Amino acid sequence: AADGRLAHPLMVAGFVIQQEAEVPSEERCEQAPYTLDARIRRGMDSGDELTFARAGEQRPGMIPGDVQLRLRVQPDARFKRVGSRNLQHELTISLRESLLGFTVVIPHLDGHAVKVERRGVTKPGATLQIAHEGLSRTDDDGVEVGEAGSLLVRVSVAYPDAISGEAQRWAEQALPP
């Protein structure tokens with residue numbers, strides 16, 4: 001082991017130059033594997049950091065530095081984060097459901113079921129907002145901080161490739177031009 005100390009002063013035409021050099025030390029540090037346990041709190045996002053005080057490399061005569069863990073959240077196939085607390089879900093419904101209404105159950109990230117019910121016409125591109133079904137944040141003790149965000153359900157309509165002659169006649173009579 002060695003200490004970083006100023007050593008070997010050099011003198012050049014009126015200048016004294018000092019550089020840091022490793023010099024042998026009588027002190028020894030034990031080299032041992034160390035496991036850090038990271039507690040990822042609900043609602044944390046990419047870029048959030050966890051700090052482990054004085055868990056860095058230790059050298060004789062020096063205080064060990066901190067270890068900082070920066071999170072990178074993997075995207076979810078069903079939900080997209082919008083802002084810090086809202087989630088967005090893409091929902092495709094049939095033409096019939098868009099005209100008459102629908103009821104669907106969306107399994108949430110934590111497994112609980114979110115029932116989405118709508119009566120009447122739902123236009124393509126409509127966004128349904130379900131309060132308190134977004135993300136929540138917790139403090140270091142696991143206590144929820146503030147209200148959970150919203151679940152934003154963005155609706156798209158799957159149109160049939162073709163319709164029967166009878167359905168076409170009905171649509172011409174029943175639907176406005």
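Count residues from 1 along the sequence. Note that the coordinates shown come from a computational prediction; the quantities given were computed from them, not determined experimentally.
Contacts classified as ring pair (Phe, Tyr, Trp, His ring centres under 6.0 Å) and involving residues 40-84 (residues at least two apart or in different chains) are given here: Phe79-His89, Phe79-His108.
Atom CG in Leu69 sits 8.5 Å away from atom CG in Leu36 (nearest 0.5 Å). Going from atom CG of Asp37 over to atom CZ of Arg39 covers 11.5 Å, rounded to the nearest 0.5 Å. The structure places CZ of Arg70 at 10.5 Å from CG of Asp48, a figure rounded to the nearest 0.5 Å.
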> Passes side chain to side chain contact (heavy atoms under 4.5 Å, CB included), His112 versus Val114? Steps please.
Replying inline: CA-CA 7 Å; His112 81 274; Val114 178; 3.6 Å; yes

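Paired with Ser150 under the rule side chain to side chain donor-acceptor pair (under 3.5 Å), one option of Gln129, Arg85, His132 passes, and it is Gln129.
Inspection of the Arg169 and Ser164 side chains reveals no N or O donor paired with an N or O acceptor under 3.5 Å. Judged purely by distance below 3.5 Å, without hydrogens or angles, the side chains of Ser156 and Thr92 pair a donor atom with an acceptor atom.
In plain terms, the two heavy atoms of Thr103 and Lys115 that are nearest each other are CG2-CE, 3.6 Å. Annotation for Ala53 and Asp66: closest pair CA-OD1, 3.3 Å, computed over non-hydrogen atoms. Across every non-hydrogen atom of Gln68 and Thr51, the tightest pair is NE2-OG1, 3.5 Å. Pairing each heavy atom of Pro124 with each of Val157, the nearest pair is CG-CG2, 3.8 Å. When every heavy atom of Leu50 is checked against every heavy atom of Ala38, the shortest pair comes out as CD1-CB, 3.9 Å. Nearest approach of Val105 to Ala113, heavy atoms of both residues: CG1-CB, 3.4 Å.
With a 6.0 Å radius and a threshold of 12 heavy atoms from other residues, nucleotides or ligands, Glu147 has its CD atom at or below the threshold. In Asp110, the CG atom is crowded: over 12 heavy atoms of neighbouring residues, nucleotides or ligands sit closer than 6.0 Å. Under a cut-off of 6.0 angstrom, the local environment of CZ in Arg78 is crowded, with over 12 non-hydrogen atoms contributed by other residues, nucleotides or ligands. Open room surrounds CZ on Arg72; 12 or fewer heavy atoms of other groups in view lie less than 6.0 Å from it. For Arg81, the CZ atom counts as densely surrounded, since its 6.0 Å shell holds more than 12 non-hydrogen atoms of other residues, nucleotides or ligands. Within a 6.0 Å radius of CD in Glu166, other residues, nucleotides and ligands contribute 12 heavy atoms or fewer. Other residues, nucleotides and ligands place more than 12 heavy atoms under 6.0 Å from the CG atom of Leu175.
A search for salt bridge (charged side-chain N to carboxylate O under 4.0 Å, His left out) contacts involving Arg41 returns Asp140, not counting sequence neighbours.
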